[in-house]
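Hydrogens, waters and symmetry mates are skipped; everything else that's a heavy atom, side chains included, is used. This one's a predicted model, so the numbers in the text were calculated from it and none came from an experiment.
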There are 2 protein chains.
Amino acid sequence: MIDTTPLVKKLGAFVALSDAELSVLATLLKRRRSFVAGRDLVHQGQSDQAAYILASGWACSYKLLEDGQRQIVDFQIPGDFLGLRSVLLHVSDHSIEPVTDIEVTEIHVADLLEAFAHTPRLATAVLWAASRDEAMVVEHLVDVGRRNAAERMAHFLLELAARLFLIGQGDRTGFACPLTQYHLADALGLSAVHVNRVLRQLREEGMVTFRDGLVTFDDYARLAEFAQFDPSYMDQANPLLR
Amino acid sequence: MIDTTPLVKKLGAFVALSDAELSVLATLLKRRRSFVAGRDLVHQGQSDQAAYILASGWACSYKLLEDGQRQIVDFQIPGDFLGLRSVLLHVSDHSIEPVTDIEVTEIHVADLLEAFAHTPRLATAVLWAASRDEAMVVEHLVDVGRRNAAERMAHFLLELAARLFLIGQGDRTGFACPLTQYHLADALGLSAVHVNRVLRQLREEGMVTFRDGLVTFDDYARLAEFAQFDPSYMDQANPLLR
DNA sequence: CGGGTCGTTGACGCTCTTCAAAGCACGTGG
DNA sequence: CCACGTGCTTTGAAGAGCGTCAACGACCCG
């Protein structure tokens, strides 16, 4: 089943799943759905019964404040869960917006929890995936709490590149990036105006160029040094559970 | 087993655990250990085989940057896991420091994963606990990314109060708080000097007083309004899985 | 009594936000 | 085919928020 490839690859990085386990995973996948860019899939406060796995396109999860400000918590790329936390908790604590047009595969919570009973290793794999997601949110918190605007931007772009590389999109020279400067601002806790200035600075210093939907690393090594980028938190090593 | 009470209470909020499941949980708990304040339990980069459940005292998990700055990701109070993410991922992406002298109960990862095979509902409960922890990190990210210093402080103190209330420590009038202003600064992405100024401001405006290890809510309603505090993300509702 | 940790306060300046305006690429309708 | 709107980017100027530096006081424990 082609849909599952990015997910299986991701879960397989932690738990070597058997054919039987993979087929259980396949039965969880219900219908395929499409959503258009900019129209929320999930609203803050909504009660859900379904989560999704992103098949193609980019999405972002965010929280809105009463005064209209928003904080983007994370971006999702193919293979990532959408709204897994929403269904485990009783109500969604965040909203999800497709950044581009996206395709997703639906999963019902009840099915997922039921599957854990017969396929405990699957539960372990999902717990690992959730931990990895949390590790990325944590690194994001460090970004926003303790790095200045330029370091924050550099670190963020390097993290995105590393995640995209894992699913075969982009390399050390750069990647295609559908985000606007407003997305970057809301993710990094900056104003859009300042995002623009920081991008200019990084470009003029010959480290990275963000233009026309393309991120180009002009000097990857220097950028990584500048951002103090250490990808070990993404846990892209070998399976722990064999 | 008295040790497990806060944990069982927490997990029970999501999954009504049977006596059999509770006894499995009890067998996971190995020896009791104590650590003194200020001496790290877990170091960033360390490979672990054990996680802990906090029985008494406060701890914090944090990440250090190369230039010596630190970001505190979360504080742990009795009933919380310590280092669960460290053992699911291959290496710890953070350090853990006891804020006070603490007592913990050790759990071996291998045992925990093994228990999932026989007690899948336990896996679900642990996945829920991990999701709830993630939700708190996410709210913390919103704090640091989009709230000013005073709102951030107010929101943070209200969240702590709500968590402590769940385990029977503190109420709407306030709580005992062993944190220093340096802890608050490292958690909120501020300087210790500015933390002091913000605390003075909140105190002079009659909303909350932080003094001598005690947080006193002088006007809870106004503080909650000021911080736009909405505790729903902590998911303190009824069990989803019965 | 002396040193260490924590809290407190003032002065100064940098980072980042806000406000304002203009340019570019696009799609849409006349 | 051009006028017009809309979303995104770009740039400047002014000022607020918060960090840094520096100093001092309170308390605890050796």
Students often get this wrong, so: under 4.0 angstrom with heavy atoms, is B:S191 touching a base, only sugar-phosphate, or nothing?
base

Across the strands shown, which category fits A:G38 at heavy-atom distances under 4.0 angstrom: base, sugar-phosphate, nothing?
nothing

May I have the distance from [X] (atom [atom1]) to [N] (atom [atom2]), rounded to whole angstrom?
X: B:L214; N: C:dG7; atom1: CG; atom2: P; answer: 13 Å
X: A:M153; N: C:dT15; atom1: CE; atom2: C1'; answer: 15 Å
X: B:N148; N: C:dT15; atom1: CG; atom2: C1'; answer: 16 Å
X: A:Q69; N: C:dC16; atom1: CD; atom2: C1'; answer: 13 Å
X: B:Q181; N: C:dG7; atom1: CD; atom2: P; answer: 4 Å
X: B:H183; N: C:dG7; atom1: NE2; atom2: C1'; answer: 15 Å
X: A:L190; N: C:dC16; atom1: CG; atom2: C1'; answer: 8 Å
X: B:H194; N: C:dA11; atom1: NE2; atom2: C1'; answer: 15 Å

Counting only heavy atoms not in B:F165, do more than 12 fall under 6.0 Å of its CZ?
no

Closest listed nucleotide, where the reference is the side chain of B:V193 and the choices are C:dT9, C:dT18, C:dG7
C:dT9

Under 3.5 Å, which donor-acceptor pairs do the side chains of residues 187-206 of chain B form with other protein atoms, sequence neighbours left out?
unit_1 : atom_1 : unit_2 : atom_2 : d
B:S191 : OG     : B:H194 : N      : 3.2
B:N196 : ND2    : B:Q181 : OE1    : 3.0

What about the rings of B:F75 and B:F156, do their centers lie closer together than 6.0 Å?
yes

At a heavy-atom distance below 4.0 Å, which nucleotide of DNA chain D is the first touched by chain B, and which is the last?
D:dC18 to D:dC21

Has the side chain of A:R197 got a donor or acceptor atom sitting under 3.5 Å from an opposite partner on the base of C:dT18?
yes

Who pairs with A:R152 by side-chain hydrogen bond (donor to acceptor under 3.5 Å, both in side chains), at least two apart in sequence or on another chain?
none

Do the charged groups of A:E106 and A:R33 touch, with an N to O distance under 4.0 Å?
yes

Less than 3.5 Å apart, any donor N or O on the side chain of A:T216 or A:T209 sitting next to an acceptor on the other?
no

Residues in ring-ring contact (aromatic ring centres under 6.0 Å, His included) with B:Y220, at least two apart?
B:F217

Does a side-chain N or O of B:N196 approach OP1 or OP2 of C:dG7 to a distance below 4.0 Å, or not?
no

If you look only at pairs with a residue in residues 71-82 of chain B, which of them pass as a salt bridge (Lys or Arg N to Asp or Glu O under 4.0 Å), with sequence neighbours excluded?
B:K10-B:D80, B:D74-B:R163, B:D80-B:R163

Degree of bending, the helix from C:dC1-D:dG30 to C:dG30-D:dC1 (end axes from five pairs; round to 10°)
30°

Check each of B:K63, B:Q46, B:R85 against B:H94 using the side chain to side chain donor-acceptor pair (under 3.5 Å) test, and report the only one that passes.
B:R85

